[in-house]
Amino acid sequence: MRKIVVVGSLNMDMVFRIPAVPKRGETVMGNGFFMNAGGKGANQAVACARQGAIVRMVGSVGSDVFGDELVAELKQSGVSVDHLRRIPGTPTGTALILITGNDNRIVVAAGANGETSCGQIDLALADANPDDVYLTQMEIPYETMKYGLAAAKAKGMYTILNPAPARHLDGDVLNHVDLIIPNETEAEHITGIPIGNPRFAKECITRLIGEGVREVIITLGPDGCAYGNRTAVRFVPAYPVKVVDTTAAGDTFVGSIAVAIASGASVQDALPLANAAAALTISRLGAQCSIPDTPEIEAFLHRMEEIGR
Ligand code: RIB
């Protein structure tokens, strides 16, 4: 198995269950609160490690108790934390997550994530092999994200960008990306193609491939995902589960795909398993605490096969 280098964020998630999103000037009483380890980068690293991959996390936390807890959580999941930096005087990243019904809304305060540097990436990639996998998102500084993709590509690594949260990407980013995995909102933001367009997924894929990306997966929530490369586009349905909390479902999906690539499988073949892993995450509350491991995913797939899904 090749190693996966994840360059991204670590956040302490503050999760509120609320009956409705408050209007301006309004206070609403929540139905529950809890904290758990999150951050798109760390969630993806944990998803990879729980599926047996060799994972190195590159990122930053503050010298505070949240930082301690996030590092401990990664270690416990088997992620290498040697390339994490502690930033004195800067708070660890936090996320406010509001859950209403089947939806969530997330606000991130980057804190120490905003200090993740190109120098850290250089150190982390010093012993990278050409067939290792590089995985990144956009809760770190844009320049660091961009630098990392170019540096990984220069090493011959397979690069994956999960462009979340969405923002404009310049051509100099996309031409260093082998696989991009946006959700629908992110795909709309990057391509300018509206979600309402009946050929939305196909047109986004064509546009992104035209920008130099080799493979594209657009995650479509309850509709599963669309995969495309230069020659074909295919849709893979989601598994039906009771939605408890969608937080980190996308991260679990992305991590599963990275593991498949690291183990030499094709992206296309990995789509059903990635959908299964995401379905399990959706069926429970929280980010890292809801990410499944391989035996659980395999048992789920077996159950689905038995009922003909
Ligand atoms: O993708 C879910 C994650 O987004 C949460 O864990 C939160 O920390 C934000 O980074």
Side-chain angles (χ1 to χ4, degrees), residues 6-17 33-50 57-62 64 66-67 69-74 77 79 84 91-100 102-116 135-142 144-145 160-167 180-187 189 217-221 225 243-258 274-275 277-292:
V6 182
V7 180
S9 60
L10 301 89
N11 298 326
M12 183 57 80
D13 289 356
M14 320 262 169
V15 186
F16 291 77
R17 275 190 168 282
F33 169 80
F34 83 111
M35 295 199 295
N36 85 123
K40 296 185 195 304
N43 295 346
Q44 291 174 23
V46 165
C48 294
R50 291 196 185 149
M57 173 90 207
V58 183
S60 311
V61 292
D64 48 25
F66 286 169
E69 287 174 20
L70 296 182
V71 175
E73 193 69 40
L74 284 181
S77 295
V79 175
L84 286 182
T92 293
T94 46
L96 168 68
I97 302 188
L98 301 176
I99 301 178
T100 44
N102 287 352
D103 289 327
N104 68 20
R105 287 172 171 74
I106 303 182
V107 182
V108 172
N113 294 308
E115 305 291 326
T116 296
L135 169 59
T136 195
Q137 321 76 29
M138 309 225 285
E139 286 182 340
I140 55 171
Y142 184 77
T144 306
M145 181 274 297
I160 307 173
L161 172 63
N162 170 225
R167 60 168 286 174
I180 189 166
I181 313 180
N183 65 18
E184 288 171 291
T185 314
E186 291 146 8
H189 198 99
I217 304 172
I218 303 179
T219 56
L220 304 168
C225 63
V243 179
V244 174
D245 173 15
T246 57
T247 308
D251 298 329
T252 305
F253 181 95
V254 171
S256 306
I257 297 291
N275 276 345
L280 284 163
T281 301
I282 284 170
S283 67
R284 43 205 181 208
L285 194 59
Q288 278 165 46
C289 58
S290 73
I291 296 173

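Every number for a ligand or one of its atoms is a count from 1 in the order of the listing. These figures come from a predicted structure and were not determined experimentally. Count residues from 1 along the sequence.
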Distances only, to 0.1 Å: what are the N or O pairs between ligand 1 and the protein that fall under 3.5 Å?
| unit_1 | atom_1 | unit_2 | atom_2 | d |
| --- | --- | --- | --- | --- |
| ligand 1 | 1 (O) | K40 | NZ | 3.0 |
| ligand 1 | 1 (O) | D251 | OD2 | 2.8 |
| ligand 1 | 4 (O) | K40 | NZ | 3.0 |
| ligand 1 | 6 (O) | D13 | OD1 | 3.4 |
| ligand 1 | 6 (O) | D13 | OD2 | 2.6 |
| ligand 1 | 6 (O) | G39 | N | 3.1 |
| ligand 1 | 6 (O) | N43 | ND2 | 3.1 |
| ligand 1 | 8 (O) | N11 | ND2 | 3.1 |
| ligand 1 | 8 (O) | D13 | OD1 | 2.6 |
| ligand 1 | 8 (O) | G39 | N | 2.9 |
| ligand 1 | 10 (O) | N11 | ND2 | 3.0 |
| ligand 1 | 10 (O) | K40 | N | 3.3 |
| ligand 1 | 10 (O) | E139 | OE1 | 2.8 |
| ligand 1 | 10 (O) | E139 | OE2 | 2.8 |

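A 4.5 Å side-chain heavy-atom check between L84 and L10 finds at least one atom pair inside the cut-off. Here the side chains of L285 and I99 are in contact, with some heavy-atom distance below 4.5 Å. Residues V6 and Q137 form a side-chain contact, since some pair of their non-hydrogen atoms from C-beta on lies under 4.5 Å apart.
Considering all non-hydrogen atoms of both residues, C48 and A258 come closest at SG-CB, 4.1 Å.
Scored by the side-chain hydrogen bond (donor to acceptor under 3.5 Å, both in side chains) test, R284 finds E296 as partners (sequence neighbours excluded).
Atom NZ of K40 and atom CD of E139 lie 5.0 Å apart (nearest 0.5 Å).
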